[in-house]
Amino acid sequence: MKNPDYLHELIKSLTSIEKRIFKLNSKRHVIGKQNRYVRLFDSINKCTHYDEKIVKEEFGSHSKTNTFASLKSQLYELILVSLRSNNNDNIKSNVENLVKDVEILKNKGLYEQSRRRLHKAKKIAQKYDLLSILLNISYLEREVCLSAKDRKDNSHIEQIIAESSSISSLLENVYFYRNVYDRIYLVVRSDYSGTSKKKINSLEKFTDDPRLQSIDRALSFEAKIYYCLIHAQICVLKGDRSKAIEAYEQQLSLWENNSHQIEYNPNGYLKALANCAGLCFEIGQFDQVHSYLKKIKKIPTRSVYDEIEHFQNRVHIELLLALNDPSYEGHSEWLPKIYYGLGKYSSKLNPSRLLATYYNLLILHFIKGNFQDSLHWLNELLSHRKRQTRNDLVVFAHLLEPVIHYELGNFGLIENLYRNNKRFISQMKELNSIEFELLSVIRRLPSLTSKERRHATLVKLRNNIEIFSETNSDKPVLGLQELIIWLDYKIYDSNSETATKESPAKIDNTIKYNCLPNKQYQYS
């Protein structure tokens, strides 16, 4: 294995049931060598961080470089074999197994039995729009007909030719919408800073295609899903939230009117709900968000991947509710569950969504005056090895860092933070006037012994933030509303939670950045 971490990562990704099944399979199928594989498995499984030197020491004479590397490689393959043999509880795997049966039966000359399995596989694949599998089935049908050498099959071959052509057209149709969506996704992912003419102009070269003018031009369920996602994202980029919600709700209706597709791909339905919930936040439709969250909680999970998707989408919505909806209570009940889930899944979560979760926890504690907890999540955000995937969050975290240390009374750190964070942000982007003023104000605050001077300085900063927000409404800057809430707390000398309720500012937070749809509909 080229990377010694691959085996460790694979073992650490297994559930307790998968580990148990692997050990049972090892004892059953690897006679005489099972102890070595299981010993290596257990040794690596105990490592929080993989250290090959320590693991090799446990094997003594068997730890020679070539032997050990070979053993690791064989163990890796055995684990995958075990996972494959126990991954037959989903629809696509069942159809693929039927297709494998057809190959086996055909090669044995059992053509009638092959046809029966093909018919069964075809029926399932048609129900769930598994187009690539249908194309393979069509090819196998032709092979069976030609191998059987039955003249009665001539008309059947004509039918197969027509079906193959139809399936190919459907696949080409899906690929068009998928490719357009992927291009939009890449444009959005390249910069999370909201709308821009440059972004919109970059999409015009392929959004004028006639196939994007009517959903009827999308010929399959998957193509229609992509059609809705494309239009939703274009509307988001243009700043038209109401039309974007219409497109997302149209996508959601497609799922709910095709319940068998939810059965096949529950995560697709989950993300459709999350997309709708994200945009509903932006226009303040909190009742609708609660409704979507209830539906999300009812979606069953069948694998670790399902658990991860369910966790990161549910947590995202719960945190945004806590930050935006004053009626949403019960933090003491679900916050510990979020902390537990982050400990369990953080290494497997989408880095962008994980950083957004850290940021939302940082802001939640910040506006409630829990500055020590806020500092913890700020450090988690800034120390993440893939923090560059969300530079917008990293920039504001560096702006907020001296504010938090000021609240904690760490005045000795403020001067260094001012210099270091100012330099860091300047390397990433041009420092705007309000960012420079914020850093300068926090730098001076510890030396302002007069309450009146502190009050006047903070009032001026607050007014300038509001003016800046109004004059730059087409280019929203992350975190300004949270700063206004904090300033209200300082200016009115009240606790931060009261300031949150009394402040005229609505917490805009990360909604416009983090409700973007994930790349999800890779069916085939």
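Note that the structure is predicted; figures quoted are calculated from it, not measured.
- With values rounded to the nearest 0.5 angstrom, Phe396 atom CZ is found 5.5 Å from Glu482 atom CD.
- Crowding of Lys348 atom NZ: a count of heavy atoms from other residues, nucleotides or ligands under 6.0 Å exceeding 12.
- Residues Leu171 and Ser132 share a closest heavy-atom pair of CD2-N, 4.0 Å.
- A donor-acceptor contact under 3.5 angstrom links the side chains of Asn90 and Ser93, judged on distance only.
- Glu256 and Tyr269 share a side-chain donor-acceptor pair at under 3.5 Å.
- For the residue pair Tyr128 / Gln261, no side-chain donor-acceptor distance below 3.5 Å is found, with atom types taken as modelled.
- Atom-to-atom distance recorded for Tyr248:OH and Arg241:CZ is 9.5 Å, nearest 0.5 angstrom.
- A salt bridge between Glu18 and Lys23 is absent, with no side-chain N of the basic residue lying under 4.0 Å from a carboxylate O of the acidic one.
- No more than 12 heavy atoms of other residues, nucleotides or ligands shown are found within 6.0 angstrom of NZ on Lys100.
- Between Asp240 and Lys238, none of the side-chain N atoms (NZ, or NE/NH1/NH2) sits under 4.0 Å from a carboxylate O, so this pair counts as no salt bridge.
- The environment of OH in Tyr139 is sparse: at most 12 heavy-atom neighbours from other residues, nucleotides or ligands sit within 6.0 Å.
- Remark: His310 engages no residue in a side-chain hydrogen bond (donor to acceptor under 3.5 Å, both in side chains) (not counting sequence neighbours).
- When atom types are taken as modelled, the side chain of Gln126 and the backbone of Lys123 share no donor-acceptor pair closer than 3.5 angstrom.
- Counting non-hydrogen atoms of neighbouring residues, nucleotides and ligands closer than 6.0 angstrom, the NE2 atom of His260 exceeds 12 such neighbours.
- Residue Gln213 places its CD atom among more than 12 non-hydrogen atoms of other residues, nucleotides or ligands, all under 6.0 Å distant.
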